[in-house]
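Here is the structure we will look at, set down as structure tokens.
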Amino acid sequence: MKGCKIFFMICWKCGKEISKKTTYCKDCRKELLKENFDFEKVLIEIANGTSLTEIAKRYNLTVTGLQKRFKTYGYPHKKRDIVEQYKEN
């Protein structure tokens, strides 16, 4: 298209070209999310009675987003599975 300018940004971490509304590429964003989220601690809290809603609000996520994050990184994402696996006696 004549006269149409397309702008690209560069990922702050690795330098790849990304769209103009983002700061990091998908790979770097995924790494950052994993670094800033203590899965084991959160799973133990859920197993000991803290609701998914409370934890999701703490991390500024929805319950579905929280469950998707667990599923993406290979942790159990259903509450009954979490309780079964991480329940402290």
Side-chain angles (χ1 to χ4, degrees):
M1 290 193 272
K2 192 173 184 178
C4 182
K5 294 181 182 178
I6 298 175
F7 294 100
F8 287 97
M9 300 289 286
I10 295 176
C11 175
W12 288 19
K13 192 169 180 181
C14 70
K16 287 183 193 174
E17 273 191 3
I18 52 176
S19 67
K20 105 178 181 182
K21 293 184 179 182
T22 60
T23 308
Y24 299 100
C25 66
K26 286 182 181 181
D27 297 330
C28 292
R29 176 78 177 142
K30 195 172 182 180
E31 282 179 35
L32 287 171
L33 288 174
K34 192 169 186 178
E35 289 171 7
N36 297 331
F37 195 83
D38 187 4
F39 287 99
E40 295 295 324
K41 178 183 159 196
V42 171
L43 290 166
I44 289 170
E45 283 183 51
I46 293 169
N48 290 327
T50 308
S51 72
L52 291 172
T53 307
E54 287 178 40
I55 301 228
K57 283 182 183 177
R58 189 181 318 150
Y59 288 98
N60 199 24
L61 295 168
T62 62
V63 172
T64 307
L66 184 66
Q67 289 174 327
K68 281 182 181 180
R69 190 173 285 191
F70 289 147
K71 192 173 183 180
T72 300
Y73 293 108
Y75 292 96
H77 61 282
K78 293 183 180 177
K79 184 155 182 159
R80 68 173 180 261
D81 296 336
I82 293 170
V83 170
E84 194 175 288
Q85 189 169 348
Y86 288 91
K87 185 70 176 170
E88 292 180 344
N89 294 327

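The analysis underlying the following values was restricted to heavy atoms, covering all of them including side chains, and did not include hydrogens, waters or symmetry mates.
Within the 4.5 Å cutoff, the side chain of Tyr86 has heavy atoms near those of the Glu40 side chain. Using a 4.5 Å heavy-atom threshold, the side chains of Ile44 and Asn48 count as touching.
In this pair, Tyr75 and Phe70 present their aromatic rings perpendicular. The plane angle is above 60°, beyond the 30 to 60° band.
When all heavy atoms of Ala56 and Leu66 are compared, the pair lying nearest together is N-CD2, 4.1 Å. In terms of heavy-atom proximity, Cys25 sits nearest to Cys14 at SG-SG, 3.6 Å. In terms of heavy atoms, Asp81 sits closest to Pro76 at CB-CB, 3.9 Å.
Separating the OH atom in Tyr59 from the CG atom in Asp38 is a distance of 6.5 Å, to the nearest 0.5 Å. Here the CG atom belonging to Leu52 is positioned 11.0 Å from the NE2 atom belonging to His77, to the nearest 0.5 angstrom. Interatomic distance, Lys79 NZ to Ser51 OG, rounded to the nearest 0.5 Å: 6.0 Å. The CZ atom of Arg69 lies 10.0 Å from the OG1 atom of Thr62; values are rounded to the nearest 0.5 Å.
Proximity of a side-chain donor or acceptor of Thr50 to a complementary backbone N or O of Ile46 within less than 3.5 Å is not detected.
Salt bridge Lys26/Glu31: absent, no basic N to carboxylate O contact under 4.0 Å. Ion pairing between a basic and an acidic side chain is recognised when a charged N comes within 4.0 Å of a carboxylate O; Asp27 and Lys13 show no such pairing.
Partner of Lys57 under the side chain to side chain contact (heavy atoms under 4.5 Å, CB included) criterion, out of Thr53, Asn60, Ile55, Leu61: Thr53 alone.
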Discussion item. Go through it in stages, so that I can follow the logic: the residues are Arg80 and Gln85, the test is side chain to side chain contact (heavy atoms under 4.5 Å, CB included), and I'd like the CA-CA distance, side-chain angles, deciding distance and then a yes or no.
Written reply: CA-CA 9 Å; Arg80 68 173 180 261; Gln85 189 169 348; over 6 Å; no
